[in-house]
Structures are given as C-alpha cells and as structure tokens.
2 protein chains.
Amino acid sequence: MAKILIIEDEKSIQRMIEYDLKQLGYNVESAIDGLEGYEKASKNNYDVILLDLMLPSMNGMEICKKLREENNDSYIIMLTALDDEYNKVQGLEIGADDYVTKPFSPRVLSARIKVGLRRRVKSSEEDIIYYNDLKIIQSSYEVLKDGINVDLTLKEFELLVYLLINKGRALSRDQLLTNLWGFSYDGDSRVVDVHIFKLREKIDPRAEFIKTIRGIGYKII
Amino acid sequence: MAKILIIEDEKSIQRMIEYDLKQLGYNVESAIDGLEGYEKASKNNYDVILLDLMLPSMNGMEICKKLREENNDSYIIMLTALDDEYNKVQGLEIGADDYVTKPFSPRVLSARIKVGLRRRVKSSEEDIIYYNDLKIIQSSYEVLKDGINVDLTLKEFELLVYLLINKGRALSRDQLLTNLWGFSYDGDSRVVDVHIFKLREKIDPRAEFIKTIRGIGYKII
DNA sequence: TTGTTTTGTAAAGATTGTGTAAATAAAAAA
DNA sequence: TTTTTTATTTACACAATCTTTACAAAACAA
C-alpha cells in the first residue's frame with residue numbers, strides 16, 4: 001500500500017485530504033508544520049509527498065530542496081495558490097515533480113497521485129524507452145537516434161537512462177553520483193559534468209533537452 | 001512441455017489452478033508453503049512460477065528476491081489481493097514479471113502464462129536454430145556454417161545456444177555462469193571470456209555478431 | 001560595470017576491462 | 001594406466017573508459 005505524507009498547516013484542508021486519501025486505501029500521515037514535515041519525510045520513505053508551500057517554521061521550497069539534497073526520491077507534489085506562477089516554476093526546478101493549485105477536487109489530487117505512483121515503478125520496468133527521436137533499449141544497451149545506432153559508454157548509457165526515468169526532474173550531481181556511481185562522492189569532483197558533456201556531444205549537441213539547472217544539476221525535459 | 005510451479009498455501013485454490021493448467025497440457029508442480037516453494041524453484045528450472053504473496057514459513061516477496069539473486073530467470077507471476085497496490089509495486093521492483101489479482105478466472109491466468117512462455121520458451125523449444133549462415137541443431141549438438149560442420153566443444157556449444165536464445169540481450173558473465181555452469185561462481189575468474197574467444201575464433205573471427213558490452217558482458221545481435 | 005561562482009570543454013593521466021596466449025587442471029577416451 | 005581432449009586459471013599487453021585537472025566561457029550578484 002502506497003505511503004503518502006501530507007505537509008500542510010491548515011488543519012481543515014489537511015484533515016480533508018487525509019480523509020479522502022484514506023478512503024482510497026492509501027497509508028496517510030500528516031505533518032502540521034515545515035520542520036515536522038521535513039523530519040518525517042527525511043526519516044521515512046514515502047511514495048508521495050504533498051507539500052504546501054506556505055508553512056510555518058520551514059517553507060516548502062526549502063523542504064523540497066533539502067530532501068533532494070539527501071537524495072530522497074519521493075514523488076513530491078506541491079500545493080500552490082492559484083496565481084503563484086513563480087513558485088511553481090521555482091519548485092519544479094528545485095526538484096518537485098508536480099503541482100496542484102488550491103482549491104482542488106479530491107479527484108484531481110487522486111489522479112496526480114496515481115501518476116506519481118505509476119512513474120515510480122513503471123519506467124524502470126520498461127525495457128524500451130522512447131524519447132523524441134531516441135530509442136533506448138535497456139536489455140541490449142542500445143541507443144538509436146533516428147534509427148541509427150549511437151555508441152555510448154556504459155556510464156553515458158546509465159546516465160541517459162536515469163535522466164529519462166526521472167524525466168522532468170532536476171537531478172543534483174550528488175543524486176546522480178549516489179545512484180549511478182553507487183557511493184557518496186567526497187571532494188568536489190565533476191565527473192558528472194564531463195559525462196553530461198559527452199552525452200550531449202553524442203546525442204544532444206545543442207543541449208536542447210539535457211538542461212543545466214544552475215546551482216542544482218541537470219534534467220531532461 | 002512448459003513446466004510451471006504453483007506456490008500457494010490455500011489448498012482449494014492450488015488444486016483448482018493445478019487442475020486447469022494440467023488440462024491445458026502444462027507440466028505442473030505445487031508447493032504448499034514458502035520454504036518448499038523456494039527450494040523447488042531453486043532446484044528446478046521452471047518456465048513459470050505462480051507465487052502467492054501471503055505464505056507460511058517464507059513470504060512470496062522474499063522468495064522472489066532470493067530467486068532473482070540466484071539469477072533464476074523463471075517468469076514469476078505474483079498472485080495478489082485485489083487492493084494490495086503496495087505489494088504489486090514492490091514485487092515488480094524486486095523482480096517479478098507480472099501479477100494477477102485474486103480472484104481470477106482460468107482464462108486470465110492462462111493468458112498471462114502464455115505471455116510469459118512466449119518470452120522464454122520459444123526459441124529454446126526449437127531444435128534447430130538458424131542464424132545468418134549458421135545452423136544449430138540442438139538435439140545432435142551440431143553446428144553448420146555455410147553447410148560445413150564446425151567443431152565446437154560442449155561449453156562453446158551451450159554458450160552459443162544460450163546467446164542465441166537470448167538474442168539481442170546483453171548477458172553478464174554472472175548470468176552466463178549461473179545458467180550454463182550452474183553455480184554461483186566465487187572469485188573473479190574469466191572462463192566466460194576464454195570461451196567467447198574460442199567461439200569467435202571458430203565461427204565469428206571478426207566479432208561481427210558476438211558483441212562485447214564493456215562493463216556488462218556479451219550479446220549476440 | 002566588476003568580481004565571483006558555476007559550468008563547458010579539452011586534454012592528460014589513471015584505472016579498469018577485455019583479448020589473447022600459454023600453462024595448468026580436469027575429464028574423457030584409448 | 002597413458003593419451004587426448006576440454007575446461008579453467010593465470011599473466012600480460014592493449015585499448016576503452018573514467019576521472020582529474022586546468023582554463024575558458026557563461027551566468028549571476030553587487
């Protein structure tokens with residue numbers, strides 16, 4: 001059963017969401033302020049986190065950023081005010097996965113949660129990933145661009161796949177290092193940059209889809 | 001004939017499935033608890049394993065995980081409760097191939113099994129495999145290249161057949177060792193490389209179709 | 001603008017993985 | 001048994017890949 005954390009300070013909203021989601025069979029927990037939310041999220045491994053942006057004691061943006069820095073890969077859905085365009089954008093860059101504008105219907109929320117849950121498993125299960133003119137076959141370690149084979153090294157290949165699995169999400173160098181290199185890297189090495197460079201050179205010379213998020217890392221859009 | 005193992009503790013369900021599958025001409029075996037199931041699965045090479053998740057003595061998830069760790073490549077179908085979203089997801093992550101929710105009709109089950117069999121059995125069931133200018137006759141351990149007999153040793157032959165059955169898929173040395181040598185190899189020996197080398201020498205001097213995937217293993221394209 | 005930080009890029013250096021031959025061990029045949 | 005064949009280990013060179021480094025370019029802040 002999927003585990004969901006709600007970080008929301010308005011008691012009424014929080015209770016309502018919690019009630020709805022429990023009805024749907026999810027395992028729901030709540031936090032009433034930023035700090036508590038952050039600590040819970042950090043300790044437990046939630047599938048989805050619903051994150052209000054305006055919070056006492058530690059705001060949503062910070063929480064999101066810190067969680068990503070810790071390589072937490074929960075699916076984070078921001079709850080934003082209707083007109084807060086700036087924070088939506090900001091939040092997505094920082095590593096949130098999606099947002100829902102308040103007020104929202106239970107149906108909308110549930111739909112978004114499902115997307116998140118599906119993505120967490122699905123894409124890594126799919127052997128073949130299509131993206132623009134690329135076709136990546138994981139079982140045979142092949143990459144085709146417009147049907148033509150592109151020669152990638154193992155690290156390049158793994159990097160590409162990982163970015164695609166986390167499409168739309170900004171990934172920090174640290175996250176990439178721990179997930180692809182398999183250890184927390186010490187020192188300020190910049191291997192990732194070099195591999196991104198090589199990847200771009202081979203399949204994306206104009207950085208059209210491997211975007212640099214300054215101060216954070218990289219993402220594929 | 002395809003071999004299927006049912007790991008299910010509820011006698012009634014187990015008998016029913018067994019009956020149905022035997023009707024369809026499968027070679028069926030059953031295990032009544034987790035431990036027995038695991039041991040059978042581990043010793044014999046089943047094409048498909050039907051795995052109940054709630055089991056006495058060793059739960060389904062553990063079984064699945066351990067089997068995959070041993071490089072067992074049976075097609076594993078989990079039998080889950082209707083609303084057990086979490087275990088489905090979890091199970092697929094751990095290495096199960098598919099799931100069927102209880103209660104299920106014989107028709108549904110049989111359809112899923114067929115999917116699994118198609119993926120696995122097909123080519124290994126064929127006695128004669130054609131590939132480019134090669135003709136491999138499994139029953140007589142013969143290999144002809146352009147109609148001319150090529151002398152392969154047993155290991156070379158098995159290796160060639162296994163690569164061909166998994167055509168297009170990159171196979172790690174570990175996978176090859178457990179599936180062809182039949183044990184989990186300790187130490188970092190490189191028997192596989194040597195056999196690949198000999199194979200190439202005899203039928204593919206330019207490594208035109210036995211490709212090396214650096215850092216991974218080998219594949220036939 | 002200027003200074004500072006971050007990223008892009010190229011190239012050199014270090015490391016790892018594979019090809020290959022030859023030596024040794026094990027198994028099968030004579 | 002001995003001989004022959006096959007399997008495995010070992011060693012080494014070479015090549016591919018990874019990582020570091022240094023500097024240029026770009027982005028940002030003041």
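Just so you know, these numbers use all the heavy atoms, side chains as well, and skip hydrogens, waters and symmetry mates. None of these values were measured; they are calculated from a predicted model. The chains referred to below are lettered A, B, ... by the order of the sequence lines, with proteins before strands, and numbering in each begins at 1.
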(message) Tell me whether the side-chain N/O atoms of A:Trp181 come closer than 4.0 Å to OP1 or OP2 in D:dT19.
(response) yes
(request) For the pair A:Asp151 and A:Lys202, find out whether any cationic side-chain nitrogen is under 4.0 Å from an anionic carboxylate oxygen. (result) no
(message) So, does A:His195 get its side chain near the phosphate of D:dT19, meaning an N or O under 4.0 Å from OP1 or OP2?
(response) yes
(request) Produce a footprint string for nucleotides 22-29 of chain C: one letter per nucleotide, 5' end first; B if the base is under 4.0 Å from any protein heavy atom, S if only the sugar-phosphate is, - if neither. (result) --------
(message) Starting the side chain at C-beta, find the nucleotide from C:dT20, D:dT17, D:dT20 nearest to A:Thr153.
(response) D:dT17
(request) Determine the sole option in A:Leu163, A:Ile220, A:Asp97, A:Ile221 for which the side chain to side chain contact (heavy atoms under 4.5 Å, CB included) test with A:Arg169 is passed. (result) A:Asp97
(message) Quick one: does any side-chain atom of A:Glu8 pair with a main-chain N or O of A:Glu10 as donor and acceptor, under 3.5 Å?
(response) yes
(request) Please report, rounded to the nearest Å, how far the P atom of D:dT9 is from the NZ atom of B:Lys155. (result) 11 Å
(message) Using modelled atom types and a 3.5 Å cut-off, is there a donor and acceptor pairing between side-chain atoms of A:Ser74 and backbone atoms of A:Tyr46?
(response) yes
(request) To the nearest Å, give me how far apart CG (A:Leu159) and P (D:dT19) are. (result) 11 Å
(request) Starting at atom CZ of B:Phe197, determine the distance to atom P of C:dT20, rounded to an integer number of angstrom. (result) 5 Å
(message) Tell me whether A:Asp52 contacts the main-chain N or O of A:Ile7 through its side chain, where contact means a donor paired with an acceptor under 3.5 Å.
(response) no
(message) Between P on D:dT17 and OH on A:Tyr141, what's the gap in Å once rounded to a whole number?
(response) 14 Å
Please tabulate, one pair per line, all N/O donor-acceptor pairs under 3.5 Å involving side-chain atoms of residues 209-217 of chain A, not counting sequence neighbours.
{"residue": "A:Lys211", "atom": "NZ", "partner": "A:Glu208", "partner atom": "O", "Å": "3.4"}
{"residue": "A:Thr212", "atom": "OG1", "partner": "A:Arg200", "partner atom": "NH2", "Å": "2.8"}

(message) Can you measure A:Lys202 atom NZ to C:dG8 atom P for me and round it to whole angstrom units?
(response) 17 Å
(request) State, yes or no, whether a side-chain contact exists between B:Leu199 and B:Asp204 at a heavy-atom distance under 4.5 Å. (result) no
(message) I want to check a possible cation-pi pair here: B:Lys66 against B:Tyr38, using under 6.0 Å from ring centre and within 45° of the ring axis as the test.
(response) yes
(message) If we check ring pair (Phe, Tyr, Trp, His ring centres under 6.0 Å) with A:His195, which of these qualifies: A:Tyr218, A:Tyr162, A:Phe157, A:Trp181?
(response) A:Trp181
(request) Could you state the atom-to-atom distance from CD1 of A:Ile196 to C1' of D:dT17 in whole Å? (result) 17 Å
(message) Both A:Leu154 and B:Leu152 contact DNA chain D. Which one's nearest nucleotide lies toward the 5' end?
(response) B:Leu152
(request) Rounded off to whole Å, could you give me the CG-to-C1' distance for the B:Leu199 and C:dT20 pair? (result) 15 Å
Give me the distances for all protein-to-nucleotides 3-7 of chain C N/O pairs that come in under 3.5 Å?
{"residue": "C:dT5", "atom": "O2", "partner": "A:Arg214", "partner atom": "NH2", "Å": "3.0"}
{"residue": "C:dT6", "atom": "O4'", "partner": "A:Arg214", "partner atom": "NH2", "Å": "3.3"}
{"residue": "C:dT6", "atom": "O2", "partner": "A:Arg214", "partner atom": "NH2", "Å": "3.4"}
{"residue": "C:dT7", "atom": "OP1", "partner": "A:Gly215", "partner atom": "N", "Å": "2.8"}
{"residue": "C:dT7", "atom": "OP2", "partner": "A:Arg173", "partner atom": "NH1", "Å": "3.4"}
{"residue": "C:dT7", "atom": "OP2", "partner": "A:Arg173", "partner atom": "NH2", "Å": "3.2"}

(message) Rounded to whole Å, how long is the line connecting atom CG of A:Leu176 with atom P of D:dC18?
(response) 15 Å
